[in-house]
Amino acid sequence: MSQISDAPFADPTPGPGGDARVADLRKRLNRAHAASATLSERARAKLDSQGKLFVRDRIDLLFDEGSFVEDGRYANSRATGLPADGVVTGRGTVEGRPAIVIANDPSVKAGSWGARTVEKIIRATEMALREELPVFWFVDSAGARITDQVEMFPGRRGAGRIFHNQVALSGRVPQVCCLFGPSAAGGAYIPSFTDVIIMVEGNASMYLGSPRMAEMVVGERVSLEEMGGARMHCTVSGVGDLLAEDDADAIELARLYFSYLPSTWREDPPVYEAEAPVEPLTRESVPEVESVPFDMHEVIDGLVDEESFFEIKTLFAQELVIGFARMDGRTVGIVANNSAVKGGVLFTDSADKAARFIWQCDAYGIPLIYLADVPGFMIGSDVERGGIIRHGAKMVSAVSEATVPQFCVVVRKAYGAGLYAMGGPGFGPDATIALPTARIAVMGPEAAVNAVYAGKIAEIEDETERSEFVAAKRTEYEADVDLERLAADLVIDAVVEADALRADLLRRLEYARHRDRRFSDRRHGVPPV
């Protein structure tokens, strides 16, 4: 039973000298309050069949007990079947920190929007802007009510104002979206403007046009899951960030995600008790042969506090790993190449994935640690047609603009523009640190020798002589980019063993906490999107 469903007026009967009109008002308000507090048997059965929670039970799971204060509960109370006009808004605390919730009620006309629904959402976002409060979006809506379109769609306080306010909130306060059901048509943009989208598998969906509309307009026959289902968006489109099992799991993920972030851009993230890594790094943690793939999660787990790594976009562009973690109890952002997937090569999707995460960390003052093991960006006609140059430039732009402490750790290879994308020396990181297994070069030895000496190699007919020539040129190339030489020439700042990396980073993070955060005097850049 929800903690927020008790009737506000105990006894509407007028006492001696009372006013019957006041008694009648109390009675009507109690009736409206009850309508938004309870579900009919039919509505309850429908939610149960979908594996969904009642909107107020969702809010109970989000906020600390007894902390929720609701606004606009009597919206459209005179209309039949529209309690609270289908959306619950208000404030509460999450682990003691104030936040706003905007939660669609799918039991009210499938969570659709009317004029007062939109007004309530606009007021909640205005409150978030005024008081700089984080916003939790609990989305489960079939979209606009066509009958209310003139009142809620085109005007200055129409639905477009919601998006405007979300953009104004972006990077100012965290916006966390739990998508429990549909988010259709224009309403699909609400999740897209938030910092993270957590989608409930089997129930959540996002689409601009429904499968029925797609068939009518473009002649495509497609299922809802294929068009905009949770798994599709979390694996293929990258629109979704995390896949949840059910409503409760989604809300728990939302609370956990929020624990890594400050309440506003002006504050620091919460600090937790420091813990040692689950299994510290050793000198054997990283394979010394660069062609041997390995899972970078092992290095991450050896660097951060035990079980503190919160990975984002786990199922999307898995050649790059991003997420929040804690080191000595403090939040850091991790950007890491994973050679176990596609060799760790950067693609358009992985570049987009990294860029948005870097922008997010920079917005909220979260230091960044790059773990580089990257052969560079993917090449070929397919990726060129897909715009890999502008996508790669987007990632490099994000790295360049970030003013939080940044540390480039060259775990193994960092070749070509991959070095730049992973916060290499040219981008002013607080330090570039290399493990003894590290290599930095324009390209790998094999590719370099073939690129420079392709003609000469082709001229040598004797196989043994050809092999000896290639081996000799490879040795020359490797000597040219020897790690000691790079350290001697101040390309890198330090060379440390894997078992000393965490301690080295912790000291550097502490020293860099109060660094200057100015980048460039301007209104804003023009990103290569």
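Side-chain atoms are counted along with the backbone in the values below, which use heavy atoms only and exclude waters and symmetry mates.
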Would you check if [X] and [Y] make a side-chain contact, meaning some heavy-atom pair closer than 4.5 Å?
X      : Y      : value
Leu179 : Ile198 : no
Ser259 : Tyr272 : yes
Ile366 : Val404 : no
Phe193 : Pro191 : no
Glu319 : Val345 : no
Ile433 : Leu501 : yes
Ser237 : Met232 : yes
Val176 : Val135 : no

Within a reach of under 6.0 Å around [atom1] of [X], are more than 12 heavy atoms found that belong to other residues, nucleotides or ligands?
X      : atom1 : result
Tyr511 : OH    : no
Asp516 : CG    : yes
Glu384 : CD    : yes
Leu256 : CG    : yes
Glu306 : CD    : yes
Arg522 : CZ    : yes
Glu225 : CD    : yes
Met213 : CE    : no

Just checking, any donor-acceptor pair under 3.5 angstrom between side chains of [X] and [Y]?
X      : Y      : value
Thr314 : Glu311 : no
Asn104 : Ser141 : no
Arg326 : Ser308 : no
Tyr415 : Glu290 : yes

Could you measure the distance from the [atom1] atom of [X] to the [atom2] atom of [Y]? Nearest 0.5 Å is fine.
X      : Y      : atom1 : atom2 : answer
Phe309 : Ile322 : CZ    : CD1   : 8.5 Å
Leu371 : Phe407 : CG    : CZ    : 12.5 Å
Ile197 : Leu242 : CD1   : CG    : 10.0 Å

What pairs of residues pass the salt bridge (charged side-chain N to carboxylate O under 4.0 Å, His left out) test when at least one of them lies in [range], not counting sequence neighbours?
range            : answer
residues 248-258 : none
residues 411-426 : Asp373-Arg412, Asp373-Lys413
residues 172-182 : Glu132-Arg172

[X] side chain vs [Y] backbone, donor-acceptor pair below 3.5 Å:
X      : Y      : answer
Asp295 : Glu298 : no
Arg283 : Glu497 : no
Arg330 : Pro270 : no
Ser170 : Val167 : no
Lys313 : Gly238 : yes
Asp493 : Thr432 : yes
Gln175 : Gln166 : yes
Asn203 : Gly181 : no
Ser339 : Gly343 : no
Glu465 : Glu461 : no

Test: [X] and [Y] ion pair at under 4.0 Å:
X      : Y      : answer
Asp305 : Arg502 : yes
Arg508 : Asp430 : no
Glu510 : Arg507 : no
Asp140 : Arg58  : yes
Lys52  : Asp247 : no

Face-on cation placement of Lys353 at Phe316 ring, 6.0 Å and 45° thresholds | no
Partners meeting side chain to side chain donor-acceptor pair (under 3.5 Å) with Thr437 (sequence neighbours left out) =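 So Thr437 forms no side chain to side chain donor-acceptor pair (under 3.5 Å) with any residue.
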What residues, two or more places apart in sequence or in another chain, satisfy side chain to side chain donor-acceptor pair (under 3.5 Å) together with Arg356?
->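 Arg356 satisfies side chain to side chain donor-acceptor pair (under 3.5 Å) with no residue once adjacent residues are dropped.
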Verdict with supporting geometry, Ser223 and Glu226, side-chain hydrogen bond (donor to acceptor under 3.5 Å, both in side chains) | CA-CA 5 Å; Ser223 70; Glu226 292 169 329; 3.2 Å; yes
Test Lys473 against Glu476 for salt bridge (Lys or Arg N to Asp or Glu O under 4.0 Å), laying out the working first.
-> CA-CA 5 Å; Lys473 293 304 179 184; Glu476 289 178 13; 3.7 Å; yes
Tightest non-hydrogen contact, residues Ala434 and Ile492, listed as CB-CD1, 3.8 Å
Summary of ring-ring contact (aromatic ring centres under 6.0 Å, His included) pairs that have at least one residue in residues 354-398, sequence neighbours excluded | Phe324-Phe357
